[in-house]
Amino acid sequence: MTQATRIAPGLAAFAEIATPALVIDLPVLDANLARMAAAAMDAGVALRPHAKTHKSPDIARRQLDAGAVGIACATIGEAEALAARGIHGLLLTAPFGSLATARRLLDLNQRAPMLAVVDHPAQVELLHRASRPSDPPVSMLVDVDVGQRRTGVANAGAGAELAGLIAADGRFRFAGVQGYAGHVQHIVDPDERRAAAGQSSEVLARAVEAIETEGLAVPLISGSGTGAFAFDRDGPYTELQTGSYALMDADYDRVRRGDGEDAAFGVALYVLATVVSASRPGQVTIDAGTKAIATNGPPPHVILGADGARFRFGGDEHGILDLPAGAAQLPIGTRLLLSASHCDPTVNLHDAYRVWHPDVPLQRWPIEGRYTTT
Ligand code: PLP
Ligand code: MN
């Protein structure tokens with residue numbers, strides 16, 4: 001782990017907090033937000049940070065205060081949760097497939113202008129069917145597949161056709177394109193990552209060209225993530241959608257280690273856990289397992305409370321710490337801080353953050369917009 005937390009003397013502040021719990025180191029979070037805002041501003045590119053990472057109106061507000069032009073959302077539920085707390089400039093970055101979602105998007109767009117991506121005429125049709133004459137026009141971006149093969153039009157020609165369809169419908173506004181290279185962000189070797197990011201940028205630039213050839217302007221080119229923003233900020237993107245940089249995790253700690261200055265985002269997110277069993281020499285069991293820490297990432301690092309211990313998952317409710325040779329057994333009740341394996345899905349397992357700052361009493365910030373059943 002590249003960075004030590006300053007929480008150490010403040011661990012007592014969590015004594016009354018039930019575990020497992022998520023903790024945010026607020027000075028580190030604010031430093032991350034300022035650093036990404038400066039990186040974008042210096043390159044003359046806008047920043048629309050992704051809320052899929054934190055699902056927090058409180059963090060989104062701080063991102064706007066730090067200079068972001070708006071906030072990106074992965075789901076309509078995230079967008080609604082943010083809008084309810086007065087967060088504007090929302091971009092829905094994932095295509096949708098139901099009339100109900102289209103209607104929710106139109107409802108949000110009545111309160112504050114929304115941007116949404118589409119990658120198929122069927123979504124334009126859904127929005128058209130869901131809309132009423134009194135609805136203000138929705139601004140749309142054409143999502144372009146820049147190599148991940150997950151969402152997005154498959155080629156520049158399809159992108160130009162879809163852009164034309166949007167522009168021809170008086171209920172919509174064609175606002176530009178999105179291309180998110182999800183397959184690039186986590187490539188560990190920085191040179192390989194740069195080359196892959198360059199290929200994705202070329203695909204996106206070709207789609208922009210094809211749309212412009214049809215006589216349409218492409219004011220917004222949105223995309224990028226924490227792994228590639230240092231390359232992407234030089235173009236063709238007009239705005240960056242980076243998300244994980246705010247909180248960071250064991251995965252990005254590994255990926256971005258070789259990136260020099262651009263890797264200086266600190267770990268701001270921790271899982272607070274308690275030793276609940278200590279029956280065997282050389283290991284203890286803690287109360288954070290797969291229901292507290294996402295499994296799709298490298299194992300979390302033990303940051304505080306058990307020097308040199310290694311974490312492994314021990315089931316749904318349990319994690320096991322293998323202690324270094326010769327280390328004293330940790331007593332039951334010992335509190336520890338671990339980094340997250342992968343921040344976004346770890347956050348989604350919890351309903352709030354406990355927010356630590358050396359000079360401010362512990363705060364509680366809700367995590368909102370998780371899936372709900374209607
Ligand atoms: N944009 C989109 C469409 C995403 O899916 C993601 C993350 O998965 C991001 C932006 C943010 O990427 P990162 O968390 O790597 O900064
Ligand atoms: Mn992620």
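Numbering of ligands and ligand atoms starts at 1, following listing order.
- Between R150 and ligand 1 there is a heavy-atom distance shorter than 4.0 Å.
- Considering backbone and side-chain N/O of Q185, none are found under 3.5 Å from N/O of ligand 1.
- Ranking protein heavy atoms by distance to atom 12 (O) of ligand 1, first place goes to Y180 OH, 3.0 Å.
- Geometrically, ligand 1 and Q178 share no nitrogen or oxygen pair separated by less than 3.5 Å.
- L240 has its side chain within reach of L47: a pair of non-hydrogen atoms, C-beta onward, lies under 4.5 Å apart.
- No side-chain N or O of S277 forms a donor-acceptor pair with one of T285 less than 3.5 Å apart.
- Considering backbone and side-chain atoms alike, Y252 places an N or O below 3.5 Å from some N or O of ligand 1.
- Because the distance cut-off is set at 2.8 Å, H342 qualifies as a neighbour of the Mn ion (ligand 2) through one of its N, O or S atoms.
- Between G227 and ligand 1, a contact under 3.5 Å exists for no N or O pair.
- Looking at heavy atoms from C-beta onward, I286 lies in side-chain contact with L338 at the 4.5 angstrom threshold.
- In summary, the aromatic rings of Y252 and H342 are positioned with their centroids too far apart to meet the 6.0 Å limit.
- In terms of N/O distances under 3.5 Å, ligand 1 is approached by Q241.
- Of the polar atoms of K52, at least one N or O is found under 3.5 Å from an N or O of ligand 1, judged by distance alone.
- Looking at S244 next to ligand 1, an N or O pair under 3.5 Å apart turns up.
- Between the side chains of H54 and Q63, a donor-acceptor pair is found at a separation under 3.5 Å.
- Looking at Q241 and Q178, their side chains do bring a donor and an acceptor atom within 3.5 Å of each other.
- When distances to the Mn ion (ligand 2) are checked against a cut-off of 2.8 Å, D344 contributes an N, O or S atom below that limit.
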